[in-house]
**Student:** 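Sharing a structure with you now.
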Number of protein chains: 2
Amino acid sequence: MAATKDPRPCSIADALALVGEKYSLLVLREACLGNGRFDQLVRNIGAPRDILATRLRRLVDAGILTKRAYSERPQRFEYRPTQAGLELEPVLLTLMAWGDRHLRRDEGRPMVIEHSCGNELLPVVTCQACGAGVHHDDLTAHPQIPGWSVTGPTAA
Amino acid sequence: MAATKDPRPCSIADALALVGEKYSLLVLREACLGNGRFDQLVRNIGAPRDILATRLRRLVDAGILTKRAYSERPQRFEYRPTQAGLELEPVLLTLMAWGDRHLRRDEGRPMVIEHSCGNELLPVVTCQACGAGVHHDDLTAHPQIPGWSVTGPTAA
DNA sequence: AGGGAAGGGTTTGTTTTTCCAACCCATGGA
DNA sequence: TCCATGGGTTGGAAAAACAAACCCTTCCCT
C-alpha cells in the first residue's frame with residue numbers, strides 16, 4: 001500500500017509544479033503575445049519585479065522560455081517561448097475561453113483571438129482519434145499505478 | 001494612457017485568480033475523478049488539511065464545486081464539480097497531456113484516459129469554426145481594450 | 001562634460017501564506 | 001468502554017510575496 005503521505009503521481013501536478021506558481025502562466029501569456037521584455041512583463045502582469053525575476057529563471061530552467069538578447073550594447077534581453085512553451089498555449093486559450101464564459105457573462109471580452117481560417121477562435125478540446133468534442137461523461141480514467149484507483153463516475 | 005500600475009485585463013488572469021492557487025486544480029482533478037471526500041483529497045493531493053479547507057471554501061464560493069452530504073448521521077460530505085467545474089476539465093486534460101509529453105518522455109504515464117469512442121484520449125485543441133488543430137502561428141490577438149496592444153508575432 | 005532616462009534587474013525590510021502537528025467533536029463499531 | 005473514522009479548526013514556526021528603494025550600464029540631450 002502507498003505510504004500514508006505521498007500524493008498521487010500525476011502529470012497535472014508535475015506540470016503545475018513548473019508553471020503553477022503565481023504569475024508563471026501570465027508570463028507565458030505575455031511571451032506568447034510577443035511582450036517578452038522585463039518592463040513589459042512588469043507592467044502587463046502587475047507582478048513585483050523580484051518575483052518576476054524568480055519566475056523567469058524557473059521558466060528558463062524548465063525549458064519553457066529562452067532568454068535572448070535583442071540588443072548588445074546596451075545589453076537588453078527578451079524572453080520568448082520555446083517549443084514546449086508554445087505547446088502550453090492551448091492551456092492558456094482554454095482557460096481564457098472558460099474565463100470569458102464564466103467570469104464575464106455580461107462584460108465584453110478583453111481579448112479576441114482570430115484563427116487563420118478567418119473566424120474568431122473558439123477553442124474546443126477534441127479527441128484526436130475520433131474528432132469529437134470531449135465531455136466529462138465520455139471519459140474513463142485508467143490509473144496506471146497500483147494503489148491509486150479512482151472511485152467515481154469516471155472510474156475505471 | 002493606463003495608470004502606471006494596473007495589469008492587463010485578462011480572462012486568463014481572472015480564471016487563475018479563482019483556480020490558480022496552489023492545489024486548487026488538483027482538488028478539481030480529484031473531484032472530477034469522483035474522489036471528493038476530505039480525507040481522499042488530503043491523501044491524494046498531499047496538501048495540508050487547513051489549506052485544503054480554505055481552497056474548498058473558495059471553490060464552492062466560486063461555483064466550481066458543490067458540497068453535498070452523502071450521509072446524514074453521521075454527517076459526511078463530498079465535493080463535486082458543478083457544470084462550471086466540469087467545463088474546466090479540458091484545461092486539466094490539456095495540461096496533463098503536456099506533462100505527459102514534456103515531463104515524462106521516458107517514464108510511463110500515471111494515468112490514461114479512455115474516450116467513449118474506444119480509443120485512448122489524446123486531447124487536441126481545435127478551432128470550433130474550422131475544426132483545425134490550433135497552432136501559435138495561426139493566431140492573431142486582437143486586444144479589445146485601448147492601451148493594451150500587443151507587439152509580437154501574434155500581434156493584431 | 002553633466003544630467004537625465006531607459007532597461008534589467010537586486011536588496012532590504014515588512015506583511016501574507018504555507019506548513020505541520022496537535023487538537024476537537026460527533027458518530028459508530030468491537 | 002475505548003478506539004477509529006470523517007471532517008474539519010487552532011497555534012506557532014518557516015517560507016513566500018510584496019513594495020520601495022537602489023544599482024549599473026549605456027544612450028540621449030544640451
**Student:** Give the rounded distance in Å between these two atoms: CD of Q75(A) and C1' of dG7(C).
**Tutor:** 12 Å
**Student:** Between dT17(C) atom P and E21(B) atom CD, what is the distance in whole Å?
**Tutor:** 9 Å
**Student:** Cluster question for you: counting only ILVMFWY and a side-chain heavy-atom cut-off of under 4.5 Å, with indirect links fine, are L95(B) and V112(B) together?
**Tutor:** no
**Student:** Picking from dT25(D), dC19(C), dT9(D), which would you name as closest to the side chain of R76(A)?
**Tutor:** dT25(D)
**Student:** Using atom CD1 of I45(B) as one end and atom C1' of dT18(C) as the other, report the distance to the nearest whole Å.
**Tutor:** 15 Å
**Student:** dT18(C), OP1 or OP2 - any side-chain N/O from R49(B) closer than 4.0 Å?
**Tutor:** no
**Student:** Between L52(A) (CG) and dG8(C) (C1'), how many Å, whole number?
**Tutor:** 11 Å
**Student:** To the nearest Å, give me how far apart CD1 (I51(B)) and P (dG7(D)) are.
**Tutor:** 19 Å
**Student:** Under 4.0 Å: is that the gap between some side-chain N or O of K67(A) and OP1 or OP2 of dG8(C)?
**Tutor:** no
**Student:** Using OP1 and OP2 only, check whether a side-chain N or O of Y79(B) sits under 4.0 Å from dG8(D).
**Tutor:** yes
**Student:** Distance check needed: dG7(C) P versus E72(A) CD, whole Å only.
**Tutor:** 17 Å
**Student:** For a side chain to side chain contact (heavy atoms under 4.5 Å, CB included) with L28(B), tell me which candidate from V19(B), L86(B), L65(B) qualifies.
**Tutor:** L65(B)
**Student:** Would you mind reading off the distance between R57(A) atom CZ and dA16(D) atom P, rounded to a whole angstrom?
**Tutor:** 14 Å
**Student:** D14(A) and salt bridge (Lys or Arg N to Asp or Glu O under 4.0 Å): which partner among R109(B), R104(B), R101(B)?
**Tutor:** R104(B)
**Student:** How far does CD of E89(B) sit from NE2 of H135(A), to the nearest 0.5 angstrom?
**Tutor:** 10.5 Å
**Student:** Considering only side-chain heavy atoms of Y70(A), which listed nucleotide, dC19(C), dT9(D), dG7(C), is closest?
**Tutor:** dG7(C)
**Student:** Does F38(B) reach a base, just sugar-phosphate, or nothing at all? Heavy atoms under 4.0 Å.
**Tutor:** base
**Student:** Apply the side chain to side chain contact (heavy atoms under 4.5 Å, CB included) test between Y79(A) and each candidate in N35(A), V60(A), T66(A); give the one that qualifies.
**Tutor:** V60(A)
**Student:** Any side-chain N or O of K22(B) under 4.0 Å from OP1/OP2 of dC19(C)?
**Tutor:** yes
**Student:** Taking only side-chain N and O atoms of Y23(A), does any of them lie within less than 4.0 angstrom of OP1 or OP2 on dA16(D)?
**Tutor:** no
**Student:** So what does D39(B) touch, heavy atoms closer than 4.0 Å: a base, only the sugar-phosphate, or nothing?
**Tutor:** sugar-phosphate
**Student:** Let me know the distance between CD of E30(A) and C1' of dG8(C), rounded to the nearest Å.
**Tutor:** 17 Å
**Student:** Identify whether the distance between the nearest side-chain nitrogen and carboxylate oxygen of E21(A) and K22(B) falls below 4.0 Å.
**Tutor:** no
**Student:** Measure from the side-chain heavy atoms of F77(B) and tell me the nearest of dC19(C), dT18(C), dG7(D).
**Tutor:** dG7(D)
**Student:** R73(B) side chain N/O closer than 4.0 Å to the phosphate oxygens (OP1, OP2) of dT27(C)?
**Tutor:** yes
**Student:** Find which nucleotide of DNA chain D each of D50(B) and R37(B) is nearest to by heavy atoms, and output the residue with the more 5' nucleotide.
**Tutor:** R37(B)
**Student:** According to a strict under-4.0 Å criterion, is R55(A) in side-chain N/O contact with OP1 or OP2 of dA17(D)?
**Tutor:** yes
